[in-house]
Amino acid sequence: MQMSDQIDRPTWRAGDVPVSARFDDPYYSLEDGLAETRHVFLAGNDLPTRLRPGFFVAELGFGTGLNLLALAECASSAGVSGVRYCGFEAYPLPREDLTRALAAFQTLSPWRDALLDVWNPDGFEAVVGPVEVRMIRGDARATLATWDGAADAWFLDGFAPARNPELWEAGLMAEVGRHTRPGGSFATYTAAGAVRRALAAAGFAVERRPGFGRKRHMSVGRLEG
Ligand SMILES: C[S@@+](CC[C@H](N)C(=O)[O-])C[C@H]1O[C@@H](n2cnc3c(N)ncnc32)[C@H](O)[C@@H]1O
């Protein structure tokens, strides 16, 4: 496969919301991306309450980095540093698209600028405010299996399961479970039955909660045992 096949060039909707040309789905909510992130991924994982130095967040689908920046803002407001984050991404955005996608989020600007300074679509490690960041490029079905880390909280943020089924496969959800610390959690905007069943089979006690905006439900869970 050519390198250009593995880069996503989005189209744009509602001004500056990127929409994947490959998956025909927006990277974040057309209504209010940051509010959705806070509701689904932060509150869904009981953050900032659980944050402490060394707390490890991992994410399937680094995308624009919006969720990472919201985590940095959350940790900063809570006065917690030394939080760790690892994002898995198969089709990284070029810097110019990342810049445009994040331009609207003024409150995130200190961390956004730090991210743009170090952004490398081939993968990178850097410090973004209170968060030690790593981005691993490649299909998560291959890269997660060989990852030597374990997360306290997962952001499961693939495109819609019907459009991006590979990022929600049962085998990959099993790897999420295997790479979760005891008592660790996940949160995702989807309440699709197949995803919930795969996460239950991976060892999570799965719970349905009210979703963001027009989405009736989302899912959260804690690793059992
Ligand atoms: C909804 S977007 C993520 C948005 C992101 N969390 C943010 O804060 O902007 C889904 C992401 O999953 C990535 N993705 C899709 N299939 C993948 C795969 N098999 N492995 C790794 N990443 C994948 C897409 O390229 C895209 O960036």
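Whatever order the structure lists ligands and atoms in, that order sets their numbers, starting from 1.
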Among protein heavy atoms, which lies nearest atom 20 (N) of ligand 1, and at what distance? Ala140 N, 2.9 Å
Side chain to side chain contact (heavy atoms under 4.5 Å, CB included) for Glu125 and Glu132? Distances and angles first, verdict last. CA-CA 8 Å; Glu125 289 183 40; Glu132 295 165 22; over 6 Å; no
With a 4.0 Å cut-off on heavy atoms, is Phe62 in contact with ligand 1? yes
Among the heavy atoms of Gly138, does any lie under 4.0 Å from an atom of ligand 1? yes
What pairs meet the side chain to side chain donor-acceptor pair (under 3.5 Å) rule with one or both residues in residues 58-70, with sequence neighbours excluded? Thr37-Asn67, Glu59-Asn67, Glu59-Tyr85, Asn67-Asp157
Give the single entry among Phe41, Phe159, Tyr189 that approaches atom 26 (C) of ligand 1 most closely by any heavy atom. Phe159
Atom 24 (C) of ligand 1 has as its nearest protein heavy atom Glu89 OE2, 3.4 Å
Intermediate values then yes/no, ring pair (Phe, Tyr, Trp, His ring centres under 6.0 Å), Phe186 and Phe204: CA-CA 8 Å; Phe186 79 83; Phe204 291 96; 5.1 Å; yes
Can you say whether the rings of Phe155 and Phe41 are parallel (under 30°), tilted (30 to 60°) or perpendicular (over 60°)? tilted
Derivation and outcome, ring pair (Phe, Tyr, Trp, His ring centres under 6.0 Å), residues Phe105 and Tyr28: CA-CA 12 Å; Phe105 303 106; Tyr28 48 75; 5.4 Å; yes
Answer with side chain, backbone, both or neither: which part of Glu59 has a heavy atom less than 4.0 angstrom from an atom of ligand 1? side chain
Minimum heavy-atom distance Trp119-Arg95, with the two atoms named: O-NH2, 3.2 Å
Nearest protein heavy-atom contact for atom 1 (C) of ligand 1: which residue, which atom, what distance? Asp157 O, 3.3 Å
Numbering the atoms of ligand 1 from 1, which are under 4.0 Å from a heavy atom of Leu66? 7 (C), 8 (O), 9 (O)
Considering only non-hydrogen protein atoms, determine which one is nearest to atom 15 (C) of ligand 1 and report residue, atom name and distance to 0.1 Å. Asn164 OD1, 3.3 Å
Atom 8 (O) of ligand 1 sits nearest the protein heavy atom Asn67 N, 3.0 Å
With Leu102, which of Asp97, Leu115, Leu108, Asp113 fulfils side chain to side chain contact (heavy atoms under 4.5 Å, CB included)? Leu115
With only distance considered, is Ala90 within less than 3.5 Å of ligand 1 through an N or O on each side? yes
Where is the nearest protein heavy atom to atom 11 (C) of ligand 1: which residue, which atom, and how far? Gly61 CA, 3.6 Å
For atom 9 (O) of ligand 1, what is the nearest protein heavy atom, given as residue, atom name and distance? Thr64 OG1, 2.6 Å
Residues two or more places apart in sequence or in another chain: which of them pass ring-ring contact (aromatic ring centres under 6.0 Å, His included) with Phe56? Trp147
Selected option - heavy-atom contact closest to atom 14 (N) of ligand 1, from Leu68, Leu167, Asp139: Leu167
Nearest heavy-atom contact between Gly123 and Arg137 is N-CB, 4.4 Å
